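What follows is one structure encoded as C-alpha cells, with my remarks underneath.
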Amino acid sequence: MSAGLTAPKGTFDTLPPDSARFLAVRDTLTAPLRRAGYGYVETPVFEETAVFSRGVGESTDVVTKEMYTFDDRGGRSLTLRPELTAGLMRAFIEHRLHDGALPVKLWTVGSAFRYERPQAGRYRHFTQVDMEALGTDDPALDAEVVALGVQGFRDLGLTDFELLLTSLGDATCRPQYRELLVAYLAKLDLDEETRRRAAINPLRVLDDKRPEVQAQLGDAPLMVDHLSDSTRAHYDAVRQHLTDLGVTWTEAPRLVRGLDYYTKTTFEFVHSGLGAQSAIGGGGRYDGLSAALGGPDVSGIGYAVGVDRTLLAVQAEGLDIGAVAGVQAFVVPLGSEAKRLAVRLVGQLRQAGVAADTVYGDRGLKGAMKAADRSGASHVVVVGERDLAEGVGQLKDMRTGEQRAVPVAELFDALRRATVGE
RNA sequence: GUGGGUGUAGCUCAGUCGGUAGAGCACCAGGUUGUGAUCCUGGGUGUCGCGGGUUCGAGCCCCGUCACUCACCCCA
C-alpha cells in the first residue's frame, strides 16, 4: 500500500480481533498434550545448520532450497528452524534425557521458517505446535500420539478434516521396496524434473498431483504391501489401538512426507476447506533421527500441527472461537478532577480482577459513551462536575439503559458487585 | 524455481469513450453546552502499488518492476 516498510514477503501480521482466535487455536491444540503428561520445552529459534541438514535430510527440498541459513559474526553457520522436531531431538540428546524414564514426552510451540513461494496457507514464517514421544517403540504410543492430534482438532469443533494413515516401513524393508519402485518408475514416461525427483526420493513421485503422472501409477508397488513381518505387526497393532481409542482414519498407501526421518507409522491431517495446502498437521515415527544427530539409537514419534493453517480451517468452517471478551466496567470522566477519580477507580478495579477501562485524550461525552459502548462493558460510571459537587457518580447499566446515582466512596464496590460472574 | 490472476480510502469495491476519483461500511464531529447501541447532518482520512513511456491530458493505453493471490512443486 505505502512505499514505506512492510512485513517481508511471505510473512503477515496477526492483529486484533484475529489474534484472539490465533491464541485460542494455539491453546486448544496444546491442551490435550498437557493433559496427557507431555512437558513443555523451549529451544532456540535457530540452530547449528547441521542439526537440520543431518536431521531433516541432505536430499530434502527443505534442506536444499528452503532454509534461511547464515553465518554469524563468529563464523558459525546457523539456520532458522524450518521445523521443530530436529531441535527438540538435539536438546533431548544434549541433555541426555534418554538416561531417564522412558518414554520422554515433550511438546513445544513456536515459529518456523522456510523460503518458499508464498501461497494460500503457505508462508515463509509460520507457527507450529510440535510434540514428541521419545525412547519407546510401542505401537500404543503411536496410537496415543495420533489420537492426541485428533483430539486437538475435535476440541476446536472442526469436522471437515481427515486422518490419513500409512506405514513407510523401516530400515530392513524399505530399501528392498525402494528398489522395486525405482525399477517400476524407470519404465514410465516422465519429464526430466520428475525423473530427477525419482532418483532422489522415488516415494515422492507417488504423491504427484498431476493427472498425467497419476495415470501411470495405477499399479505401482506400494510400501504397505512389502512391509517386513515386524513392521506389519507394528502397524496392525497401531490400528487396533486407534480403533479402541475411537479414532477413524483413511488408509493412504501413497502418503509420503518430505522429511527423510520418517519410518513406520506415518500420518497426515488434511482439511477440505483450505485449497492446495490442505495439510493442517502431519507426523510419524522417526526411529533413525536420534542416531542421525549423533545420539543413541532410540526411537521416536511425534507430529507437527500448523497453527496458522488450523486457524484458516476454523474460519473455513465458520467456527466462532476466541471471541474478544472486552472489558466489564468502563469509567467516563468529565473534567480534570473527575479524570483523577476515573484513573484511580479503573486501577482499583483492575487490581481486584475486574476488567476495566476508561477514555484517554480529549473526547466529548458522546464520544466517550461511544467508546464505552464499543468496549463491551456492561456497566459504565459517568462522573462529571455536577456529580462531584454532589459527591456521586452515575452508574449506568448499558444493557437496560437504567442509571442511578451512587456516592463516590461506593462506586468501586458497586461496579465490582455489578460485574460479578461476568 | 514454473505458470495464471489482481493491485483505487482503514475495509469491501465502483470508476463509461483517456478529461487529475467515488459508494457502502468503518472512523471523527455536530444535532443533544451531561449519555452509547437507532436516526439526521457534516467531514475524505488517497503517492489510483512503484518507475518510465505514449498523449494537450493517464486510475484507464504500452513497457518494466514490486507486492498480493491461485495452481504446480513442497509441506504445517
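Being a predicted model, the structure only gives us computed values, none of them experimental. Naming convention: chains lettered A, B, ... in sequence-line order (proteins, then strands); numbering from 1 in each chain.
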Checklist entry - Is there any side-chain hydrogen bond (donor to acceptor under 3.5 Å, both in side chains) pair reaching into residues 23-35 of chain A, and which pairs are they, with sequence neighbours excluded? => result A:T30-A:R34, A:R35-A:D155
Next on the checklist: Rounding to an integer number of angstrom, what distance separates B:C62 and B:G18 when you compare their C1' atoms?
Outcome noted: 14 Å
Checklist entry - Please give, in whole Å, the distance from B:A71 C1' to A:L274 CG? => result 15 Å
Checklist entry - Side-chain contact, heavy-atom cut-off 4.5 Å: A:L80 with A:F70? => result yes
Checklist entry - Separation of A:D357 atom CG from B:G36 atom C1', in whole Å? => result 15 Å
Item to check | Residues forming a side-chain hydrogen bond (donor to acceptor under 3.5 Å, both in side chains) with A:T265, sequence neighbours excluded | outcome: A:D142
Checklist entry - Would A:Q128 and A:R81 count as having a side-chain donor-acceptor pair, cut-off 3.5 Å? => result no
Next on the checklist: Using a strict heavy-atom distance below 4.0 Å, which residues from residues 143-171 of chain A are in contact with RNA chain B?
Outcome noted: none
Please output the side-chain donor-acceptor pairs of residues 191-198 of chain A that fall under 3.5 Å, not counting sequence neighbours, one pair per line with the distance.
unit_1 : atom_1 : unit_2 : atom_2 : d
A:D191 : OD1    : A:T194 : OG1    : 2.6
A:D191 : OD2    : A:E193 : N      : 3.2
A:D191 : OD2    : A:T194 : N      : 3.2
A:D191 : OD2    : A:T194 : OG1    : 3.2
A:E193 : OE1    : A:R196 : NH2    : 3.1
A:T194 : OG1    : A:R210 : NH2    : 2.7
A:R195 : NH2    : A:L188 : O      : 2.8
A:R197 : NH2    : A:D208 : OD2    : 3.3

Checklist entry - Expressed in whole Å, how much space separates the C1' atoms belonging to B:U6 and B:G43? => result 32 Å
Next on the checklist: Using atom C1' in both nucleotides, what's the gap between B:C13 and B:G46 to the nearest angstrom?
Outcome noted: 15 Å
Would you tabulate the side-chain donor-acceptor contacts of residues 13-24 of chain A under 3.5 Å, counting partners in other chains and residues two or more places apart, or write 'none'?
unit_1 : atom_1 : unit_2 : atom_2 : d
A:D18  : OD1    : A:R21  : NH2    : 2.8

Next on the checklist: By the 4.0 Å heavy-atom rule, please label A:F269 as base, sugar-phosphate, or nothing.
Outcome noted: nothing
Item to check | B:A71 base / A:Q277 side chain donor-acceptor hit below 3.5 Å | outcome: no
Checklist entry - Between B:C73, B:G36, B:A76, which nucleotide gets closest to the side-chain atoms of A:D373? => result B:G36
Which pairs of donor and acceptor atoms, one on a side chain in residues 318-331 of chain A, lie under 3.5 Å apart (sequence neighbours left out)?
unit_1 : atom_1 : unit_2 : atom_2 : d
A:Q328 : OE1    : A:A355 : N      : 2.7
A:Q328 : NE2    : A:T419 : O      : 3.4

Checklist entry - A:D13 has an atom CG; how far is it from atom P of B:C68, in whole Å? => result 12 Å
Item to check | Nearest-neighbour nucleotide for the A:Q128 side chain, B:U69, B:G36, B:A76 considered | outcome: B:A76
Checklist entry - Looking at A:F267 versus A:F269, is the centre-to-centre ring distance below 6.0 Å? => result yes
Checklist entry - Given the P atoms of B:C25 and B:A37, what is the spacing between them in whole Å? => result 14 Å
Item to check | Pairwise P distance for B:G10 and B:C27, with rounding to whole Å | outcome: 15 Å
Checklist entry - salt bridge (Lys or Arg N to Asp or Glu O under 4.0 Å) with A:K65: which residues, sequence neighbours excluded? => result A:D61
Item to check | Closest to side chain of A:Q119, choosing from B:C74, B:A76, B:A71 | outcome: B:A71
Item to check | Pairwise P distance for B:A9 and B:G51, with rounding to whole Å | outcome: 16 Å
Item to check | salt bridge (Lys or Arg N to Asp or Glu O under 4.0 Å): pairs with one or both residues in residues 104-116 of chain A, sequence neighbours excluded | outcome: A:K105-A:E144, A:E116-A:R122
Distance-only donor-acceptor hits, side chain of residues 402-410 of chain A, under 3.5 Å, sequence neighbours excluded:
none

Checklist entry - Would you call A:D373 and A:K370 a salt bridge, using N to O less than 4.0 angstrom? => result no
Checklist entry - Dot-bracket for RNA chain B: what is it, with Watson-Crick or G-U pairs under 3.5 Å, [ ] where a pair crosses earlier ones, and | for a pair to another strand? => result (((((((..((((.....[..)))).(((((.......))))).....(((((..]....))))))))))))....
Next on the checklist: For a quick check of understanding: with a heavy-atom distance under 4.0 Å over all strands, which category does A:G401 fall into, base, sugar-phosphate or nothing?
Outcome noted: base
Next on the checklist: With a 3.5 Å cut-off and heavy atoms only, can you find an N or O donor on one side and an acceptor on the other between the side chain of A:R122 and the base of B:C74?
Outcome noted: yes
Checklist entry - Nucleotide by nucleotide, 5' to 3', does protein get under 4.0 Å of the base (B), only the sugar-phosphate (S), or neither (-) in nucleotides 26-35 of chain B, counting heavy atoms? => result -SSS-B--BB
Checklist entry - Reckon A:G376 touches a base, only the sugar-phosphate, or nothing at all at heavy-atom distances under 4.0 Å? => result nothing
Next on the checklist: Applying a 4.0 Å non-hydrogen cut-off, can you work out what A:A120 is touching in the nucleic acid: base, sugar-phosphate, or nothing?
Outcome noted: sugar-phosphate
Checklist outcome for this item: By side-chain hydrogen bond (donor to acceptor under 3.5 Å, both in side chains), A:S77 pairs with (sequence neighbours left out) A:T49
Checklist entry - Side-chain N or O of A:K9 less than 4.0 angstrom from OP1 or OP2 on B:C66? => result no
Item to check | Phosphate-side-chain proximity, A:R117 and B:A71, N/O vs OP1/OP2 below 4.0 Å | outcome: no
Next on the checklist: In whole Å, measure the gap between the C1' atoms of B:G42 and B:G59 for me.
Outcome noted: 28 Å
Checklist entry - Taking NZ from A:K65 and C1' from B:C73, how many angstroms apart are they, rounded to a whole number? => result 7 Å
